[in-house]
Asker: 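Let me give you the structure first, and then I'll get to my questions.
In this chain, numbering begins with 1 at the start of the sequence shown. What you see is a predicted model; the values in this text were computed from it and never measured.
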Amino acid sequence: MSGTLIAFDFGTKSIGVAVGQRITGTARPLSALKAQDGTPDWNAVEKLLKEWQPDAVIVGLPLNMDGTEQPLTARARKFANKLHGRFGVKIELHDERLSTVEARAGLFEHGGYRALNKGRVDSASAVIILESYFEQGH
């Protein structure tokens, strides 16, 4: 096992992407994928999976602060199921509460408002999701 994982921060207009290594427990952002009502360009997804050949794909699960599900939760699950169905990759869902807030704060700290474009925030969120997944001992 290479220990390479890819994380997706699902959104209806943009899907953040990060790649990370289990051995270092770190991740880095990749270019976010544009999405149309939650549907990405599946060819772009396939290209990412072929390039990185991850052991597993982590999909951020958007939950309310009290842990209950919200409308986007079901859509993220559906996206994860489609990833598995189309490409046969191992999928794990991971609680992503506050990842976008943390990503925005980190980007703002390093680059001000100009750093807060949607794709960068989404991919920074994917990094946070993946690193949090590693921190929980996965």
Asker: Is Lys50 salt-bridged to Glu46, going by a charged N under 4.0 Å from an acidic O?
Answerer: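 Looking at Glu46 together with Lys50, the answer is yes, because their closest N to O distance falls below 4.0 Å.
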
Asker: For the hydrophobic clusters of this structure (ILVMFWY residues joined by side-chain heavy atoms under 4.5 Å, transitively), does one cluster hold both Val57 and Leu33?
Answerer: yes

Asker: What pair of heavy atoms forms the shortest contact from Ala76 to Gly60, and how long is it?
Answerer: CB-O, 3.8 Å

Asker: Please give me the minimum heavy-atom distance between Ala32 and Gly16, naming the atom from each residue.
Answerer: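 Shortest heavy-atom contact: CB-CA, 4.2 Å.
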
Asker: Compare all side-chain heavy atoms of Phe134 with those of Ile23 and state whether any distance is below 4.5 angstrom.
Answerer: no

Asker: Is there a continuous path of hydrophobic side-chain contacts, each under 4.5 Å between heavy atoms, that joins Val17 to Phe10?
Answerer: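 Result: yes, single cluster for both.
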
Asker: Check the hydrophobic clustering (I, L, V, M, F, W, Y; side-chain heavy atoms under 4.5 Å; chains of links allowed) and say if Leu48 and Ile91 are grouped together.
Answerer: yes

Asker: Can you see which heavy atom on Leu130 is nearest to which on Ala18, and at what distance?
Answerer: CD2-O, 4.3 Å

Asker: Indicate the atoms forming the closest heavy-atom contact of Ala80 with Val59, along with that distance.
Answerer: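 Nearest heavy atoms, Ala80 then Val59: CB-CG2, 3.9 Å.
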
Asker: Treating His84 as the side-chain partner and Val89 as the backbone partner, does any N or O pair qualify as donor plus acceptor under 3.5 Å?
Answerer: yes

Asker: Can you say whether the rings of Trp42 and Phe87 are parallel (under 30°), tilted (30 to 60°) or perpendicular (over 60°)?
Answerer: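 Because their plane-to-plane angle lies in the 30° to 60° range, the rings of Trp42 and Phe87 count as tilted.
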
Asker: Quick one: does any side-chain atom of Thr73 pair with a main-chain N or O of Pro62 as donor and acceptor, under 3.5 Å?
Answerer: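 Yes.
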
Asker: NE2 of His94 to CG of Asp9: how many Å apart, nearest 0.5 Å?
Answerer: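 Reported to 0.5 Å precision, the distance equals 11.5 Å.
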
Asker: Given side chain to side chain contact (heavy atoms under 4.5 Å, CB included), test Gln53 with Thr4 step by step and report yes or no.
Answerer: CA-CA 7 Å; Gln53 299 187 5; Thr4 300; over 6 Å; no

Asker: Please confirm whether the backbone N or O of Leu5 pairs with a side-chain atom of Asp55, one donor and one acceptor, at under 3.5 Å?
Answerer: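 Side chain of Asp55 to backbone of Leu5: no pair is present.
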
Asker: Show the nearest heavy-atom pair for residues Ala126 and Ala7, with the distance to one decimal.
Answerer: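 Scanning both residues, the minimum pair turns out to be O-CB, 3.6 Å.
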
Asker: Strictly distance-based, threshold 3.5 Å: is any side-chain N or O of Arg77 a donor or acceptor partner for the main-chain N or O of Leu61?
Answerer: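 Not a single qualifying donor-acceptor pair exists.
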
Asker: What is the distance from atom CG of Leu49 to atom CG of Leu83, rounded to the nearest 0.5 Å?
Answerer: 7.0 Å

Asker: Hydrophobic clustering (ILVMFWY, side-chain heavy atoms < 4.5 Å, transitive) - are Val19 and Phe79 grouped together?
Answerer: yes

Asker: Given the rule that I, L, V, M, F, W and Y join up when any side-chain heavy atoms are under 4.5 Å apart, are Val45 and Leu93 in one cluster?
Answerer: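 Yes, because Val45 and Leu93 connect within a single hydrophobic cluster, where side-chain heavy atoms sit under 4.5 Å apart.
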
